[in-house]
Amino acid sequence: MDLTNMIENTYAEVVEIYRHLHRHPELSEQEIETANYICRTLDAHNIPYQRDIAGHGIAALIEGNGSGCIGIRADIDALAITETTGVPYASVNPGVMHACGHDMHIAILLGTGMVLNEIKDQLTGSVKLIFQPAEETTGGAHQMIEAGVLQQPAVSAMIGLHVDPAFETGSIVLRRGVMNAAVNDFTMEIKGKQCHGAQPERGIDPIVVAADMIMTLQTIATRFTAATNPVVVSIGSIQGGTGCNIIPGEVIMQGTLRAVSNETLDSIKNRVEQIAAGTTATYGASAQFEWMETPFPPLINDDGVIDIVEKAADDIGFAVHHMPETSMGADDFAFFTEAVPGAYFNLGCAPKGATLSPLHNGNFIGDEKALCAGMEIELQTVLALMEKNSKRI
């Protein structure tokens with residue numbers, strides 16, 4: 001089969017898909033039109049699917065000959081960021097943008113599905129295309145798994161990719177073992193007692209409590225955790241007060257915890273709660289927490305699947321880079337690698353010699369040639385996984 005020619009034949013349509021999606025981004029849990037567009041595209045290519053899984057999720061199935069099923073995931077939500085790229089296909093939804101490249105992920109997976117559907121009679125197994133909502137917020141991967149997306153047929157291995165503007169098109173970035181950190185986000189409400197700013201002794205100042213607590217929380221990483229065990233405790237939002245001469249009655253803080261194991265994540269969560277209890281008691285205040293309903297586990301790549309991805313990249317002439325250390329960023333693809341052997345990797349999307357804006361930036365725009373590169377690595381990896389499964393049988 002001439003995959004290169006088939007990819008080239010789909011390229012124009014895949015670019016059109018990408019530009020449409022980039023122009024019409026939708027936030028997490030609001031991906032209604034995105035899902036509709038994906039379904040229309042699948043219909044146009046006679047690819048059967050199930051929709052409305054765990055919200056706006058979609059699972060399409062390409063049935064080949066033989067047993068076994070490989071899963072490929074693309075996340076579909078956008079971010080609350082105003083686009084500043086100035087491209088002709090820039091977002092038409094004010095304050096919403098595909099600044100994390102999920103539009104590229106969707107287009108790549110749809111293109112991969114088109115090619116696989118053309119050669120399904122030659123496949124020695126089936127492929128499930130998983131279009132997942134809410135990656136940026138609640139963790140749509142977990143919800144889709146709970147809804148049974150890895151069953152009927154049972155998925156034996158998963159792959160997924162994420163575009164990376166720090167590397168050139170035609171390259172991938174791999175990490176063996178723990179690739180991304182576990183995460184648990186929180187909202188903390190500190191309750192004090194409102195009073196006049198000129199008479200602080202008559203109230204309980206939650207701003208002072210918050211300031212003290214923030215500084216103490218930093219000791220979790222520096223004094224309560226070994227230097228060889230990376231953790232992150234970050235406060236990203238503080239809200240409280242209405243005027244310069246009014247001590248407020250409450251302060252709301254939002255933060256995130258990151259660790260490379262579930263055990264460490266649980267440990268630092270307990271330490272945060274202990275520090276909050278101790279600090280608020282000192283001032284006569286109180287604290288109430290709201291934690292993530294389902295914390296993300298660490299994303300742990302399977303060595304066997306990573307080996308296949310790396311060999312596929314070598315076979316098609318891609319440059320292969322290896323992450324020197326675990327990223328403290330998180331991705332809910334971790335739920336898939338927790339459920340079945342899987343591999344997640346980064347796909348270079350910068351034109352040769354160019355410097356792109358980073359992800360989660362209003363000026364980020366990827367190289368459209370990376371769409372072909374993504375299809376090529378997904379196709380080669382899936383075929384190699386099928387070959388391995390057929391030999392095992």
Chi angles and distances behind the side chain to side chain donor-acceptor pair (under 3.5 Å) call for Ser267, Thr264: CA-CA 5 Å; Ser267 175; Thr264 300; over 6 Å; no
Residues Ile62, Leu129; criterion side-chain contact (heavy atoms from CB on, under 4.5 Å); working and verdict: CA-CA 8 Å; Ile62 297 169; Leu129 315 177; 4.1 Å; yes
CA sep, side-chain torsions, deciding dist, call: Thr138, Ser28, side-chain contact (heavy atoms from CB on, under 4.5 Å): CA-CA 8 Å; Thr138 60; Ser28 297; over 6 Å; no
side-chain contact (heavy atoms from CB on, under 4.5 Å) between Tyr11 and Cys372, worked out: CA-CA 7 Å; Tyr11 180 62; Cys372 277; 3.1 Å; yes
Stepwise salt bridge (charged side-chain N to carboxylate O under 4.0 Å, His left out) test for Arg271 and Glu273: CA-CA 5 Å; Arg271 182 65 65 178; Glu273 291 180 333; over 6 Å; no
Criterion salt bridge (charged side-chain N to carboxylate O under 4.0 Å, His left out) on Asp302 and Arg176, from CA distance to verdict: CA-CA 7 Å; Asp302 179 82; Arg176 297 179 184 279; over 6 Å; no
Side chain to side chain donor-acceptor pair (under 3.5 Å) assessment of His102 paired with Asp75: CA-CA 6 Å; His102 295 185; Asp75 34 17; 3.2 Å; yes
Criterion side chain to side chain donor-acceptor pair (under 3.5 Å) on Thr112 and Glu378, from CA distance to verdict: CA-CA 7 Å; Thr112 297; Glu378 285 188 344; 2.8 Å; yes
Residue pair Glu83, His22: steps toward the side-chain contact (heavy atoms from CB on, under 4.5 Å) verdict: CA-CA 10 Å; Glu83 181 161 1; His22 190 86; 2.8 Å; yes
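Here the CZ atom belonging to Phe131 is positioned 14.0 Å from the CG atom belonging to Asp77, to the nearest 0.5 angstrom. The CG atom of Asp332 sits 9.0 Å away from atom CD of Glu136, with the distance rounded to the nearest 0.5 Å. Distance check, rounded to the nearest 0.5 Å: CD of Glu8 to CG of Leu3 gives 11.5 Å. In this structure, CG on Leu116 lies 11.0 Å from CD on Gln122, to the nearest 0.5 angstrom. Interatomic distance, Ile300 CD1 to Asn180 CG, rounded to the nearest 0.5 Å: 11.0 Å.
The existence of a salt bridge linking Lys388 and Asp307 is excluded, since no basic side-chain nitrogen approaches an acidic carboxylate oxygen closer than 4.0 Å. Salt-bridge check for Lys352 with Glu168: failed, with every basic side-chain N at 4.0 Å or more from each acidic carboxylate O. A salt bridge is defined here as a Lys NZ or Arg NE, NH1 or NH2 lying under 4.0 Å from an Asp or Glu carboxylate O, and Lys120 with Glu118 fails to meet this definition.
Met188 and Ile204 sit in two unconnected hydrophobic clusters of ILVMFWY residues. Membership requires side-chain heavy atoms under 4.5 Å apart, directly or through other members. Taken together through direct or relayed side-chain contacts under 4.5 Å among Ile, Leu, Val, Met, Phe, Trp and Tyr, Ile235 and Leu265 form part of one hydrophobic cluster. When the side chains of ILVMFWY residues are joined at heavy-atom separations under 4.5 Å, either directly or via intervening members, Ile308 and Met386 end up in a single hydrophobic cluster. If you chain together hydrophobic residues whose side chains sit under 4.5 Å apart, Val208 and Val251 fall into the same group. Note on Ile247: it does not cluster hydrophobically with Tyr283, by side-chain heavy-atom contacts below 4.5 Å among ILVMFWY residues.
Residues Asn36 and Arg51 have side chains that bring a donor and an acceptor to within less than 3.5 angstrom of each other. Asn65 and Thr124 are not linked by any side-chain donor-acceptor pair at a separation below 3.5 angstrom, with hydrogens and angles left out of the test. Residues Thr282 and Thr279 bring no donor and acceptor atom of their side chains to less than 3.5 Å of each other. Donor-acceptor pairing under 3.5 Å is lacking for the side chains of Gln132 and His142. Asp367 and Thr169 are linked by a side-chain donor-acceptor pair at a separation below 3.5 angstrom, with hydrogens and angles left out of the test. Remark: the Glu310 side chain and the His322 side chain contain an N/O donor-acceptor pair separated by less than 3.5 Å. Side-chain polar atoms of His24 and Asn93 form no donor-acceptor pair below 3.5 angstrom.
Ring geometry, His162 versus His105: the interplanar angle exceeds 60°, so the pair is classed perpendicular (tilted spans 30 to 60°). Classification of the Phe289-Trp291 ring pair by plane angle, with boundaries at 30° and 60°, yields parallel.
Under the 4.5 Å side-chain criterion, counting only non-hydrogen atoms from C-beta, Ile70 is in contact with Ser156. Taking the side chain as every heavy atom from C-beta outward, Leu61 and Ser126 approach each other to under 4.5 Å. Counting heavy atoms from C-beta outward, Val163 and Asn346 have side chains that stay 4.5 Å or more apart. Within the 4.5 Å cutoff, the side chain of Thr381 has heavy atoms near those of the Ile377 side chain. When side chains are defined from C-beta on, Asn262 counts as touching Pro297, because their heavy atoms get closer than 4.5 Å. Counting heavy atoms from C-beta on, the side chains of Gln288 and Ser286 never come closer than 4.5 Å. At a threshold of 4.5 Å between non-hydrogen side-chain atoms, the residues Met97 and Ile81 count as touching. Under the 4.5 Å side-chain criterion, counting only non-hydrogen atoms from C-beta, Val231 is not in contact with Arg258.
In this structure, His196 contributes its side chain and Ala198 its backbone to a donor-acceptor pair below 3.5 Å. A donor-acceptor contact shorter than 3.5 Å links the side chain of Arg175 to the backbone of Pro324. Within the 3.5 Å criterion, the main-chain N or O of Glu29 finds a donor-acceptor partner in the side chain of Glu31.
Taking every heavy atom of both residues into account, Pro298 and Val178 meet most closely at CB-CG1, 4.1 Å. Here the closest non-hydrogen pair linking Phe186 and Thr256 is CE2-N, 4.0 Å. Closest approach of Pro248 to Pro206, counting heavy atoms only: O-CD, 3.0 Å. In this structure, Lys128 and Gln152 approach most closely via the heavy-atom pair NZ-O, 3.7 Å. Across every non-hydrogen atom of Ala370 and Ile108, the tightest pair is O-CD1, 4.0 Å. Across every non-hydrogen atom of Ala330 and Ala181, the tightest pair is CB-O, 3.6 Å.
With sequence neighbours excluded, the residues forming a salt bridge (charged side-chain N to carboxylate O under 4.0 Å, His left out) with Glu368 are Arg19, listed by chain and number.
The number of heavy atoms from other shown groups lying within 6.0 Å of CD (Glu201) is above 12. Glu325 CD: 12 or fewer foreign heavy atoms inside a 6.0 Å radius.
Here Phe335 sits in one hydrophobic cluster together with Ile53, Ile130, Met144, Ile145, Val149, Leu150, Val155, Met158, Phe167, Val173, Met179, Val183, Met292, Phe296, Leu299, Met323, Phe333, Phe336, Val340, Tyr344; the rule is ILVMFWY side chains under 4.5 Å apart, joined directly or through other members.
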Return a table of donor-acceptor pairs under 3.5 angstrom between the side chains of residues 220-228 and protein atoms on other chains or two or more places apart.
{"unit_1": "Thr222", "atom_1": "OG1", "unit_2": "Gln218", "atom_2": "O", "d": "3.4"}
{"unit_1": "Thr225", "atom_1": "OG1", "unit_2": "Ile220", "atom_2": "O", "d": "2.7"}

